[in-house]
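Below, read A as the first sequence line, B as the second, and so on, with proteins coming before strands; counting in each chain starts at 1.
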6 protein chains.
Amino acid sequence: MKSFVTFGEIMLRLTPQEALQPLVDASALKMGFAGAESNVAVSLAIQGNRVSYITALPDSPLGQAAINSLRKWGVLTHSILRQGERIGTYFIEQGASLIPYKVHYDRKYSAIQMIDKNTFNWPELLKGQDYLFLSGITPSLSTNCAHEVMQATRSARQAGTKVCFDLNFRRTLWKDMKQAKAVYREIIKNTDIVIGNEGAVDDIFDFSSAKKSQQARAEELMLRLNGEFGTKTIAFTLRDASSNSRQKLSGILFKDHNFYPTRTYDIEIMERIGGGDAFAAALLHTLANKWEPEKAIEYASAAFALKHSIPGDLNLSTTEEILEVIENKSFGFVKR
Amino acid sequence: MKSFVTFGEIMLRLTPQEALQPLVDASALKMGFAGAESNVAVSLAIQGNRVSYITALPDSPLGQAAINSLRKWGVLTHSILRQGERIGTYFIEQGASLIPYKVHYDRKYSAIQMIDKNTFNWPELLKGQDYLFLSGITPSLSTNCAHEVMQATRSARQAGTKVCFDLNFRRTLWKDMKQAKAVYREIIKNTDIVIGNEGAVDDIFDFSSAKKSQQARAEELMLRLNGEFGTKTIAFTLRDASSNSRQKLSGILFKDHNFYPTRTYDIEIMERIGGGDAFAAALLHTLANKWEPEKAIEYASAAFALKHSIPGDLNLSTTEEILEVIENKSFGFVKR
Amino acid sequence: MKSFVTFGEIMLRLTPQEALQPLVDASALKMGFAGAESNVAVSLAIQGNRVSYITALPDSPLGQAAINSLRKWGVLTHSILRQGERIGTYFIEQGASLIPYKVHYDRKYSAIQMIDKNTFNWPELLKGQDYLFLSGITPSLSTNCAHEVMQATRSARQAGTKVCFDLNFRRTLWKDMKQAKAVYREIIKNTDIVIGNEGAVDDIFDFSSAKKSQQARAEELMLRLNGEFGTKTIAFTLRDASSNSRQKLSGILFKDHNFYPTRTYDIEIMERIGGGDAFAAALLHTLANKWEPEKAIEYASAAFALKHSIPGDLNLSTTEEILEVIENKSFGFVKR
Amino acid sequence: MKSFVTFGEIMLRLTPQEALQPLVDASALKMGFAGAESNVAVSLAIQGNRVSYITALPDSPLGQAAINSLRKWGVLTHSILRQGERIGTYFIEQGASLIPYKVHYDRKYSAIQMIDKNTFNWPELLKGQDYLFLSGITPSLSTNCAHEVMQATRSARQAGTKVCFDLNFRRTLWKDMKQAKAVYREIIKNTDIVIGNEGAVDDIFDFSSAKKSQQARAEELMLRLNGEFGTKTIAFTLRDASSNSRQKLSGILFKDHNFYPTRTYDIEIMERIGGGDAFAAALLHTLANKWEPEKAIEYASAAFALKHSIPGDLNLSTTEEILEVIENKSFGFVKR
Amino acid sequence: MKSFVTFGEIMLRLTPQEALQPLVDASALKMGFAGAESNVAVSLAIQGNRVSYITALPDSPLGQAAINSLRKWGVLTHSILRQGERIGTYFIEQGASLIPYKVHYDRKYSAIQMIDKNTFNWPELLKGQDYLFLSGITPSLSTNCAHEVMQATRSARQAGTKVCFDLNFRRTLWKDMKQAKAVYREIIKNTDIVIGNEGAVDDIFDFSSAKKSQQARAEELMLRLNGEFGTKTIAFTLRDASSNSRQKLSGILFKDHNFYPTRTYDIEIMERIGGGDAFAAALLHTLANKWEPEKAIEYASAAFALKHSIPGDLNLSTTEEILEVIENKSFGFVKR
Amino acid sequence: MKSFVTFGEIMLRLTPQEALQPLVDASALKMGFAGAESNVAVSLAIQGNRVSYITALPDSPLGQAAINSLRKWGVLTHSILRQGERIGTYFIEQGASLIPYKVHYDRKYSAIQMIDKNTFNWPELLKGQDYLFLSGITPSLSTNCAHEVMQATRSARQAGTKVCFDLNFRRTLWKDMKQAKAVYREIIKNTDIVIGNEGAVDDIFDFSSAKKSQQARAEELMLRLNGEFGTKTIAFTLRDASSNSRQKLSGILFKDHNFYPTRTYDIEIMERIGGGDAFAAALLHTLANKWEPEKAIEYASAAFALKHSIPGDLNLSTTEEILEVIENKSFGFVKR
Ligand SMILES: [Ca+2]
Ligand SMILES: [Ca+2]
Ligand SMILES: [Ca+2]
Ligand SMILES: [Ca+2]
Ligand SMILES: [Ca+2]
Ligand SMILES: [Ca+2]
Ligand SMILES: [Ca+2]
Ligand SMILES: [Ca+2]
Ligand SMILES: [Ca+2]
Ligand SMILES: [Ca+2]
Ligand SMILES: [Ca+2]
Ligand SMILES: [Ca+2]
Ligand code: NI
Ligand code: NI
Ligand code: NI
Ligand code: NI
Ligand code: NI
Ligand code: NI
Ligand code: NI
Ligand code: NI
Ligand code: NI
Ligand code: NI
Ligand code: NI
Ligand code: NI
Ligand code: NI
Ligand code: NI
Ligand code: NI
Ligand code: NI
Ligand code: NI
Ligand code: NI
């Protein structure tokens, strides 16, 4: 059993209770807790791994409920700091057909954003851990958060903990694109596995490709990242997003100078949020457990596609359920 | 800012709370208030216009709730009469795939249907108003309602208020087709903008076209209406309705002897009710504000298509959201 | 008006209240009662027939609620025994896109499974009845249940009651495939109408066809069943199940050595459970009432397809609504 | 087993889904079907009797759902006419503390109100029936309804069917108090058992008592009714209603010139509607089955009090549950 | 018709959907918008007055929904500023028996708290207005908010607009009690009507009374306030709060050196929040409309008590419903 | 921090979603997981202790969900066996006023009931643990379960782990009262702390007292238990249960030959289930942490009373919230 650490912000997630109801017309909200890194933590735990999640949360009923939501799925929460005044909050409006999914953030001044410099003792937290998972959201929260992420990657290097970094670029959270670019560069240099997609690479580094097919463009960009930062393992999700209700989804892995593209899923979208986190967790699960690259990325793509039928941020699929997708079992038949 | 008056019946709208549940098996009903003209009023108000809605409602909690439902979205309700015994009621059964949407009316004897002759002081109500919006439903409710509609159009002419009329033909509400035809003729003669579709024109006037494409048939019928009644501005919605779950939708405008057809949306249907009202309001918004015909009708078609993903009768989309559809922004991507 | 008897197990049906929510994450369950034979009974009653349902249920609130759920739709419940300790229970997880529907049974030790030998007086129960409907689920519950089903078919022969048998094979319920095969053979020999599909025939008898088209394979298998058991009337459902959200559905009837295939419905799946029961009831309704074979099986296929848009196990469609599907009425238009 | 016939109006019952929510602020309504006489029918059926309910209902999903709601509890519905345009509707606002329960009717023009003269064949409907139950609501609906009720009582006399009449006075439904009084007189003369309370007797006949205790006033009024109309069996409910949340409830029976008062229940009110109907059904159940007067009225009072903890119009209590109240079993302890 | 202005913070109100459910265990939240001053505005509007509400709200779906929630009840919202980043949020946990109601605030950095100095043009906003209503919450939000409140009271004096001030002391919102005291003093000096209670007066000014009865203590404190600040009209609510489920409630008015105590309501508490706001609005309604002091305060006390049975922050009672409480109408009887 | 082990059966808990709705009329069920010993485990964990729960659960979504429900609150679940076919299930009907709470069990054949002899390695499980909590329910499930409980108590003695035993007598689960008595005797002999009440002692041992006051009877019975079994620490709950809506609750501790009775809470009952488990956990928390007997039992009584306002089986109160009850803080006032 491999052990993982993830670090980031878990937020209160509120979404109108009725399907497709605009927030402006809602009278009840479904309530949960989620965040890119905690979503990855939950997926890893459900898939049978030992996972510890690091963050700061206020000592309030909502802070406690956030912790409970992680413990429920088996994530270890002992290292979470209880401090600060508020938990970041976001509101999701469901999309369909011509209506995009919308996320409205009210996350400023949250406990994790307001941490002091050098809040976390990374050498201690990473002792004996196999993998550290990070995403591009955390360093965008505040200068101190960016500092922590960079400290964490450095400590990981020293501790022999491998680092996996999901680009997860959120333009609205960065005040200064120059600083963003510098932080991303610094982190990626200390990263073993980079996860991203065409759009993020363009947004952050202005790397783009003029090739016709999505796959060809992905391959060109992965080579560019490898050339620029020396990253040996890079995985991209691919999305052909002409509608909010039906999309084509796949993945591709670059590993030790080979490309491993996956099959494409042309499916109806029941939930648009959390697919990238499902992909990252599934890939990490397979790479940490030394699966063959072909199977590792097929598994990650299947988790990515499967997540689009599971409501909420979390990929609640078990390893067995993800494998059944790859093995084409029980399509359209009732499992009894 | 333009000012609008609409006149009609707003009803209690009840629909089984669980998705797709037949009424015969329901145990709870979602409750709202809607009607063709009040739906148009709400859309116009959300798009930033000054709109007053005219009707009669009983002095009861349900009458008050109907008024509140309009005020909520910014519609002016000061001219609504509080009289009569009941509010019209209707029950909607949601459709999908092979199941059509069904509307069951229990609207007889409603406050607006039972009004006396000459209940409304139209010269007073139309003073300083830019547009009067009416639909074919109101004159079908009772002889006195038909009389009011015809009075309103005549008063509008005298007041310099432009009249927009949505054919909205409901066969089950008319007792006598000969009378229906006469009333429609009379109203259209005093109308500046006519909104309709192929089916309605056939049902009311027995005008039909043998052309192959929907657009060609629409054009022939619009020319025929223009020839018959002299209407200079006519807009049609087009619907290719081979399924209850997926349809092709578009619009076409005839203005000053030119045709302006729009792009076609091939989309999944999440809500079948209220599309025509969304189209009418959006068109009126653009024409009143002197948009170019091409953009005006593209905006109206986008509102029409967009409404098919918004639950309930009301188009809650803002001008900005409708424009984003035309501009192809954020298809399939999450807006953050 | 024809009279029908059905015999089987009705269970407590529990399914997460929120759309697509996995059972492991549910906090409320929708509650109903269903079973293959009771579903058929309800459909027959809604379509205007006299139907009596036979089972055993505990003398408890849940046993009473199961009876009430049948009376509600007009099924006669006077012959139900009140004995035993528990009602069988099952949990349904809704599927979509890549996620199959899942059924989890907790039906062991139920009142009907635990019946003594010779519990039911079949000659008495079948007196004056036109049809007896059975399915392959009941004999799989226990040796005594299998015994009752075989007794019932024999009594039916003596009473002049026609027997209709739906193969409904559930591998997990049979302990011994050799015994299963023997029981099926014995029942089919005393059966007038057999309902099934390609997969069930393969699973039970290892009969399979190498033909390319589903229809050709179905025809080969029906001929084989006819040859083996002499059954004169056989009906199959056909399902092209490449996705859990969209499928192609049709039916085919073999009667007096002719084949009657139906049109194919290519539709979105809103509810995957209960289609076969809807098909069986509709077919029985038409055959009992001497409809022409072509129309009989078209009606059954339409009921089968229609059921995929109705939530729950029960086909709540009326005869009129099923006929409207065949007659292509109101596709995509609102019925007012 | 005794057989009963009841006749009246069953309505669509709508009540805000959230506890204590005013109708003016509701967004969802719980939906059921109820009416004084159908409530009595359901209670009698649950207590093990054979009960047939007579009314007229439209041939619509709501009409069918009303019938299903009665069949569910075992009431026979074969004699219900399917005709007319609408089902009467009413809205209930829950009360508590200082807020009274409020009932808003929208029942005018309902199928039963609009019946023609001599719609029902009473000699046929009453053949072999032991009891006919009626209430004062039905004759208030229209002249033809009053006529039917009076015909029914006369036919009952001829058929040897005993008549039980619940005064159930609704002032707002009567247009003319003089006519009301005449109708009540005429019915009571043909009635064997009269059920009422102090307030109703005052409202209808202006009979009042100056005595101090509720019981003494009830006794004086019962004697007066007996003197005036010769009714030998009269039962009253007593209510000390100083709050909407907590009340003192009891009953008293006058039979063959003896008074049988019951114990008083001082209880919290969870549901204010349907208590009188529960009382009437329980009394009828015991009197028809020849219980001793003391036990008969204690049972009726217990049903009356018990109903105030059961949501909805219907007394869903079984005979066993009502008897446990009289026997003081399991107060405050959990029944396992 | 009198015209009122109120100024303050309206917040997003979230409360667990299930009765009595702790926030730490909630999975859905009811959503509304409320605040002391906006609650008063809604009550005044429902009671038939012209009311304008002043605040700042972000230009977001939640900001718009807050405005819609006010327009729905008839409050004028034209003067609300659309600026800032977030809307204040609070979470309510329902209490009962031994569990107190709990309010958790997340209101820091809200649009109204973050306003610049001199944001509002008070002379303009108060032009022609009869009354300005303020509460002690607004000046506690920030120095600039306190400044605005003090400016508003001064402008009111100049404009001839009467000022009503509800003490509404929230200890956790004030950083410095000395500053709090100074601000309160300054405001009260410019106030015509002060509303409060024993606890608030003690918390703010350390004024307390050793008298035995609540009424005597209230009278002593009102005299003290009158002596200290010269306020001629003071009203207190009285609460005997030995349980969270049942309390004794009343009110007392000091006006022109007379005391007017009201009857006491001993009632079950269904909703603990918003009673004081209901009292303030009702009192203001009656005083502005020159009711006699006795009736004015009885009406306010009735509104105060009545509110404890209405879910949510808002007193949705109409004038007629409040008067019925004073007139002892329909206690415990169903209103039809 | 003390460490606890509890052992028993956790079941699927289903209860009608609507308040007070009878099971026979339910259409949705709230879903949770609970059991006497797991309820105690959750309470102990919430109050800050280290708690491990031992049971057997099937390897199914429901088995996993039961585990998740415990992890959520911080209970350790590593020692739970995953085996067997089903999870025990029970249905709760809420009571009020005259209606008792009802619990319907469907727990036969559950994974824990069907365990083999000597399934658990008690010396291993109890290593280093301070306390073992057991209840009388577990030994009633099957002979093997009784055997395990007795083994556990013996192993505890050897390991120096203190044993706390809650009598929790369920008559319907025992087949043989003689065996029950023998098992109880055997367990109590190895127990340090016994928790019970007057009724249980009477039901199990036929020990009863003729004293007038509840407290006097409790004291006599505690002395009798002490005399019979030598138990030095015994705690009883006291309940004056004249209604299902309002009860008087208290506790009493016998420790080292002294009696410590507590104050009495006269409160409204919002939830009747789980009070005894709340009492047991709170008492154990205080005794394990060496609180003074007076404060220990006051804390336990407060937890017992407080639980009657918290929906569900679980006492979600924190130590701080329980202490506030003892300290009479914030009664009837809103905590902000
Ligand atoms: Ca809505
Ligand atoms: Ca995320
Ligand atoms: Ca979820
Ligand atoms: Ca409409
Ligand atoms: Ca089935
Ligand atoms: Ca259903
Ligand atoms: Ca409300
Ligand atoms: Ca009634
Ligand atoms: Ca009910
Ligand atoms: Ca809970
Ligand atoms: Ca407030
Ligand atoms: Ca328990
Ligand atoms: Ni909406
Ligand atoms: Ni936003
Ligand atoms: Ni249904
Ligand atoms: Ni149903
Ligand atoms: Ni209809
Ligand atoms: Ni809506
Ligand atoms: Ni989920
Ligand atoms: Ni969830
Ligand atoms: Ni399973
Ligand atoms: Ni409300
Ligand atoms: Ni009314
Ligand atoms: Ni009900
Ligand atoms: Ni809870
Ligand atoms: Ni808090
Ligand atoms: Ni509210
Ligand atoms: Ni019910
Ligand atoms: Ni039971
Ligand atoms: Ni719970």
Q.
Quick check on the interface: out of Ala28(D), Pro58(D), Gly63(D), who has the most heavy-atom pairs with chain B under 4.5 Å?
A. Ala28(D)
Q. Taking Thr15(B), Leu14(B), Val24(B) one by one, which has the highest count of heavy-atom pairs under 4.5 Å against chain D?
A. Val24(B)
Q | Side chain / backbone / both / neither for Gln17(B) at chain D, heavy atoms under 4.5 Å | A | side chain
Q: Start with the C-alpha distance between Tyr105(D) and Phe91(D), add both sets of side-chain angles, then the distance that settles ring-ring contact (aromatic ring centres under 6.0 Å, His included), and finish with yes or no.
A: CA-CA 6 Å; Tyr105(D) 291 111; Phe91(D) 300 82; 10.0 Å; no
Q: Would you mind reporting whether Tyr184(B) and Phe169(B) have side-chain heavy atoms less than 4.5 Å apart?
A: yes
**Q.** For chain D, the option from Ile87(B), Asn68(B), Asp106(B) that forms the most heavy-atom pairs under 4.5 Å
**A.** Asp106(B)
Q) Which bit of Lys102(B) is near chain D, if near means a heavy-atom gap under 4.5 Å: side chain, backbone, both or neither? A) neither
Q.
With heavy-atom distances below 4.5 Å as the criterion, would you say the side chains of Glu93(B) and His104(B) are in contact?
A. yes
Q. Considering only heavy atoms, which portion of Leu12(D) lies under 4.5 Å from any heavy atom of chain B: side chain, backbone, both, or neither?
A. side chain
Q. Considering residues, nucleotides and ligands other than Glu85(D), do more than 12 of their heavy atoms fall under 6.0 Å from its CD?
A. no
Q.
Given 3.5 Å as the limit, does a donor-acceptor pair link the side chain of Glu9(B) with the main chain of Gln113(B), or not?
A. no
